[in-house]
Amino acid sequence: MNYGDPRLRAMLASEYVLGTLHGRARRRFERLLGEDAGLRVTVEAWQNRLTPLAEALPPVELWVIPGKGQAPRSLGLLPETGSRAVALPEEIRRALTSSAALAISLEPAGGSPTRLPIGPVLYQGAWSPTGAARAPS
Amino acid sequence: VHPDSTSDLAPPLTELLADCARGREPAFARLYRLCSPKLYTVALRLLRREDLAQEVLQESFVRIWRHAGEFEAHKASPMTWMITIVRNCALDLIRRPRLEETADEEMMESIEADLPGPLEEAIRGSEAKALKDCLEALDRNQQRSILLAFFEGLTHSELATRLCQPLGTVKSWVRRGLERLRDCLEP
């Protein structure tokens, strides 16, 4: 590729920041960035254009769905970092079935104002009990 | 919640980064407390796996500590600089196979059906008014492609699969969308 072509440079810089430039092309572009101050300026301009989107991301909330067809129950906002043991209220524990699932959603700061998730579900997984999960906390 | 609002006494992030560059560990600890919630969310949104998001968060803070001296306040805000580090770190990882969807798909779909789409959600909370206006001015397909790529880290071919369109079409949506975005933001 001819990295001297200004249109190509502009395009690669924008797709690098967006994330669509990937794999070997991404690494090659990163090497080029190390040597090309002009290209770094173009990339920085794109970072300043697009990153405000990421800054606006709402926090994430943990939900448990006790069983198929049942309403999700909030286990609270996820901690900022590290792990957190979540005490499972007895009523939720009793409602758990073999098809229980966990979900994480994006919610407004402070958590969902309703008793149900209102943000998009980001992550979901089956509930798998372990010794630690069953032990009283 | 704005990271700076955690404590009224918190020094500005720029100052914390400058102290990190001087090797002052308390500044680093403070920076971590203030910024890790937001940065974790950025990583989790891209990776959709808590363990990987944690891994990326740790790796990103190692990079932030090591490269704090390279931060230049006139080029980007401290948060933009740190988010960029997290995104680059996450994008390196994201190309590995993703976690199998283990939950009952049907059940999850019924939950998701009632929710606003991720794209609408993403723009709704945005404080970046100019960016939001310019995104909204794009064609629907350009807008969707750009937001999906940005938030979910999809490649061109993943975008093509998701949007049920030929690769070339999707590539041109992304390219033209980005060009229009730039022109709109810099009239």
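Throughout, protein chains are lettered first and strands after them, A, B, ... in sequence-line order, and every chain is numbered starting at 1.
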Quiz item: Where on A:A10 is there a heavy atom nearer than 4.5 Å to chain B: the side chain, the backbone, both, or neither?
Solution: side chain
Quiz item: Near B:R63 CZ, under 6.0 Å, is it more than 12 heavy atoms from other residues, nucleotides or ligands?
Solution: yes
Practice problem: Give, as side chain, backbone, both or neither, the part of A:R7 having an atom under 4.5 angstrom from any heavy atom of chain B. | Solution: side chain
Quiz item: Hey, does A:H22 have a side-chain heavy atom less than 4.5 Å from the side chain of B:L154?
Solution: no
Quiz prompt | Side chain to side chain, B:N88 and A:Y16, heavy atoms closer than 4.5 Å | solution = yes
Quiz item: For the atom pair CG (B:L131) and CD (A:E55), what is the distance rounded to the nearest 0.5 Å?
Solution: 11.0 Å
Quiz prompt | ILVMFWY cluster, A:L8 and A:W46 together (side-chain gap under 4.5 Å) | solution = yes
Quiz item: How far does CG of A:N48 sit from OG1 of B:T84, to the nearest 0.5 angstrom?
Solution: 8.0 Å
Quiz item: In this structure, are over 12 heavy atoms from other groups packed under 6.0 Å from B:E72 atom CD?
Solution: yes
Quiz item: In Å, rounded to the nearest 0.5 Å, how long is the span from CG of B:L91 to CG of A:L18?
Solution: 9.0 Å
Self-check item: Closest non-hydrogen atom pair between A:A54 and B:I83, with its separation
Solution: CB-CG2, 3.8 Å
Quiz prompt | chain B contact via A:V41 - side chain, backbone, both or neither, heavy atoms under 4.5 Å | solution = neither
Quiz item: Do the non-hydrogen side-chain atoms of A:E15 and B:K171 ever get within less than 4.5 Å of each other?
Solution: no
Quiz item: What part of B:I146 is in contact with chain A, defined as an atom under 4.5 angstrom from a non-hydrogen atom: side chain, backbone, both or neither?
Solution: both
Self-check item: Options A:R49, A:Q47, A:E44, ranked by heavy-atom pairs under 4.5 Å with chain B, top entry
Solution: A:R49
Exercise. Output the distance between atom CZ (B:R45) and atom CG (A:L53), rounded to the nearest 0.5 Å.
Key: 10.0 Å
